[in-house]
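None of these values were measured; they are calculated from a predicted model.
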Amino acid sequence: MPEPPIADAPTNANPLHSGGPCRFCGAELHRIVTDLGMSPPCQSFLSAAELNQMEPFYPLVVWVCDECWLVQLQAYVSAEEIFTEYGYFSSFSDDWLAHCRRDAETQIERWGLDTDALVVDVGSNDGYFLRWFATQGIPVLGIEPAKNVAAAAEERGIPTVTEFFGTALADRLTAEGRCADLLTGKNVLAQIPDLNDFVAGLAVLLAPGGVVTIEFPHLQRLVEGNQFDTIYQEHFSYFSLYTTERIFAAHGLTLFDVDELWTHGGSLRVYARHTDDTSKPVTDRVHEIREREIELGYNSPRAYETFDARVRATRRRLLEALFEFEAAGQRVVAYGAAGKGMTLLNYCGIRSDLVSFVADRNPYKHGRFCPGVHIPVLPPDAIAETRPDVVLVLPWNLKDEICAQLGFIREWGGRFLIPIPEPEIVV
Ligand SMILES: [Zn+2]
């Protein structure tokens, strides 16, 4: 069936609507990339008692700055609100843990890290990454503001500062003689409300000759892969290499290398050094990816123009599929109560009428309910017990791992529904 024509996109439709000042350069935001409606903080899983109470919802409107092309949300949710009791423990995906171990081993070798070095990880979670340095006898320090998660790190022997990172903490650690030879941050940059203070802090804490490595989902992959579900209240900013270079340069850091990674639907790992440290020349890869982004229009309105229409088309197709299952009397459950699933469910308005429960490995979420849509979260065993006809795989970036783990649903003719980049049934 041909696609029906898409009505005039609402982009920039409301001249009264402004996104406030850009988080990096301060220019007024006028250009909307997509409007995902009102959405609750995606990690606020509710207890049964909380279901009858009011729940905060905030606009999930994505803006792009016409000056520096930083894609961003306004920060309605305070960092304290998100991170003090953070429900996510990184250690729960096997593929992710394997990725981190390989990364640690590569970094140790590439930078010649030994027992005299200090590795600092910002947003260190439960120590899932630093442990691979610690087992080699390399001194480590985690920085993790979520108290429950930091406690888990301390239990496994990873010293952890339970604070938000910025220039204040960096100044204090430096004054104590603790400078980072390797300073890492995995999937933390998006969650920083005060981006300038954070990147300035990296420059302060980095030892002369040291290296910063930061991983973040690549904006180009988000746009090309229609990954609108990776947009949520806790992710304030979305980065191209082009804009990241500008932000780091403003704080005396030069990106000298970059890796393209498969993680989180396509990420960049950038390597930064002090701008005056000329011992590490800027590689061709940095120039190549920057040029590619410029060709694709990420430093102009061009790259962002059709995103909203594609997002709405995906919502329509996903709901059509779910309505068909409902009409046929087929039972649908979901797998993976990660943040990205919460945006998808809330934006599409999918509640327990269409999806009975969400199965997840994280015991913290069991017996709780998804924010906004109030679908219950159960342990993975519930899938074998209830034998659903369809499993909606919310963390589509881990679909191979998940479809292998849940391969047993084929015994009763169960099928998988992968929502992104386009809804697809996998038998
Ligand atoms: Zn800007």
Open item on the list: Would you say that C65 contacts C25 through its side chain, given a criterion of any heavy-atom pair below 4.5 Å between the two side chains?
Closed with: yes

Open item on the list: Checking side-chain polar atoms at under 3.5 Å, does S47 have a donor or acceptor matched by the opposite partner on E50?
Closed with: yes

Task: Closest non-hydrogen atom pair between V212 and I214, with its separation - done: CG1-CG1, 3.6 Å

Open item on the list: Does S39 form a side-chain hydrogen bond (donor to acceptor under 3.5 Å, both in side chains) with N346? I'd like the steps, not just the answer.
Closed with: CA-CA 6 Å; S39 187; N346 276 282; 4.9 Å; no

Task: Distance, nearest 0.5 Å, that separates CG of L205 from CZ of F165 - done: 5.0 Å

Task: Between D257 and T283: side-chain donor-acceptor atoms closer than 3.5 Å - done: yes

Open item on the list: I'd like to know if the side chain of D308 and the backbone of T34 have a donor-acceptor N/O pair within less than 3.5 Å.
Closed with: no

Open item on the list: With heavy-atom distances below 4.5 Å as the criterion, would you say the side chains of W396 and Q227 are in contact?
Closed with: yes

Open item on the list: Once rounded to the nearest 0.5 Å, what's the spacing between atom CG of L268 and atom CZ of R285?
Closed with: 11.0 Å

Open item on the list: Between L206 and L253, is there a side-chain heavy-atom distance shorter than 4.5 Å?
Closed with: yes

Open item on the list: Assess the residue pair Y298 and W69 against the criterion (side chain to side chain contact (heavy atoms under 4.5 Å, CB included)); give the C-alpha distance rounded to whole Å, side-chain angles, the decisive distance to 0.1 Å, and a yes or no.
Closed with: CA-CA 7 Å; Y298 283 88; W69 303 100; over 6 Å; no

Open item on the list: Checking side-chain polar atoms at under 3.5 Å, does H251 have a donor or acceptor matched by the opposite partner on N196?
Closed with: yes

Task: Spatial distance of atom CE (M342) from atom CG (L345) [nearest 0.5 Å] - done: 5.0 Å

TODO: Report yes or no: does K340 contribute a side-chain atom to a donor-acceptor pair with the main-chain N or O of N397 at less than 3.5 Å?
DONE: no

TODO: Could you tell me which non-hydrogen atom of T115 sits nearest to which non-hydrogen atom of G137, and how far apart they are?
DONE: CG2-O, 3.3 Å

Task: Close side-chain approach of R368 to H374, heavy-atom, < 4.5 Å - done: no

Open item on the list: Show, in sequence, the C-alpha distance, side-chain angles and deciding distance for Q191 and F198, and conclude whether the side chain to side chain contact (heavy atoms under 4.5 Å, CB included) test is met.
Closed with: CA-CA 11 Å; Q191 304 177 3; F198 182 90; over 6 Å; no

Task: Atom CD of E176 with >12 non-hydrogen neighbours under 6.0 angstrom - done: yes

Open item on the list: Is it true that Q74 and R23 share a donor-acceptor pair across their side chains at a distance under 3.5 Å?
Closed with: no

Task: Neighbour count >12 (heavy atoms, 6.0 Å) for atom CZ, R110 - done: yes

Open item on the list: Could you measure the distance from the OG1 atom of T167 to the CG atom of D197? Nearest 0.5 Å is fine.
Closed with: 3.5 Å

Task: R312 to Y347, cation-pi by 6.0 Å centre distance and 45° axis angle - done: no

Open item on the list: I'd like to check V120 versus V140 (side-chain heavy atoms, cut-off strictly below 4.5 Å). Are they in contact?
Closed with: no

- [ ] In plain terms, say whether E260 and R292 are close enough for a salt bridge, that is, a side-chain N and a carboxylate O under 4.0 Å apart.
- [x] yes

Open item on the list: To check you understand the geometry: which heavy-atom pair defines the closest contact between I231 and L73, and what is its length?
Closed with: CG2-CD2, 4.1 Å

Open item on the list: Looking at E105 and R101, is there a salt bridge between them, counting it only when a charged N and a carboxylate O are closer than 4.0 Å?
Closed with: yes

Open item on the list: Once side-chain hydrogen bond (donor to acceptor under 3.5 Å, both in side chains) is applied, do any residues pair with K186, and if so which ones, sequence neighbours excluded?
Closed with: D103, E215

Open item on the list: Just by distance, no angles: are the side chains of D229 and T343 close enough, under 3.5 Å, to form a donor-acceptor pair?
Closed with: no

Open item on the list: Set out, in order, the CA-CA distance, both residues' side-chain angles and the distance that settles side chain to side chain contact (heavy atoms under 4.5 Å, CB included) for R273 and F248, then state yes or no.
Closed with: CA-CA 10 Å; R273 54 162 166 80; F248 276 62; over 6 Å; no

Task: Any donor-acceptor pair under 3.5 Å from T160 side chain to I158 backbone - done: yes

- [ ] Would you kindly say whether T213 and T184 are connected by a side-chain donor-acceptor distance under 3.5 Å?
- [x] no

- [ ] Looking only at non-hydrogen atoms, find the nearest pair between T162 and A150 and report the distance.
- [x] OG1-CB, 3.8 Å

Open item on the list: For a quick test of reading the model, state the closest non-hydrogen atom pair linking S279 to D277 and the distance between them.
Closed with: OG-OD1, 2.6 Å

Open item on the list: How long is the straight-line distance from OG1 of T243 back to CG of N299, given to the nearest 0.5 Å?
Closed with: 8.0 Å

TODO: Look at the side chain of H274 and the backbone N and O of G210, then say whether any donor-acceptor pair between them is shorter than 3.5 Å.
DONE: no

- [ ] Decide yes or no on side chain to side chain contact (heavy atoms under 4.5 Å, CB included) for V64 and Y238, but give the supporting numbers first.
- [x] CA-CA 9 Å; V64 63; Y238 303 81; over 6 Å; no

Task: Within-4.5 Å side-chain heavy-atom neighbours: L222 and F228 - done: no

Open item on the list: For a quick check under 3.5 Å, do E293 and H218 share a side-chain donor-acceptor pair by atom type?
Closed with: yes

Open item on the list: Do the side chains of E422 and R310 get close enough for a salt bridge, i.e. N-O under 4.0 angstrom?
Closed with: no

Open item on the list: Tell me whether the NZ or CZ atom of R131 lies within the 45° cone about the ring axis of Y128 and under 6.0 Å from its centre.
Closed with: no

Open item on the list: Ignoring hydrogens and geometry beyond distance, is a side-chain donor-acceptor pair present between S18 and E28 at under 3.5 Å?
Closed with: yes

Open item on the list: How long is the straight-line distance from OG of S267 back to CG of D259, given to the nearest 0.5 Å?
Closed with: 11.0 Å

Task: Pair R221 + E224, salt bridge at N-O below 4.0 Å - done: yes

Task: Closest approach of C42 to P371 (non-hydrogen atoms, all atoms of both residues) - done: O-CG, 3.6 Å

Open item on the list: Suppose we screen for side chain to side chain contact (heavy atoms under 4.5 Å, CB included). Which residues come up paired with S356, at least two apart in sequence or across chains?
Closed with: R331, V333

TODO: Check ring pair (Phe, Tyr, Trp, His ring centres under 6.0 Å) between Y335 and all other residues, then give those that pass, not counting sequence neighbours.
DONE: none

Task: Min side-chain heavy-atom separation F239-L219 under 4.5 Å - done: no

Task: The single option from E288, E291, R290, R246 passing side-chain contact (heavy atoms from CB on, under 4.5 Å) against L241 - done: R290

Open item on the list: Using modelled atom types and a 3.5 Å cut-off, is there a donor and acceptor pairing between side-chain atoms of E144 and backbone atoms of N125?
Closed with: yes

Task: Minimum side-chain heavy-atom gap L29-Q72 below 4.5 Å - done: yes

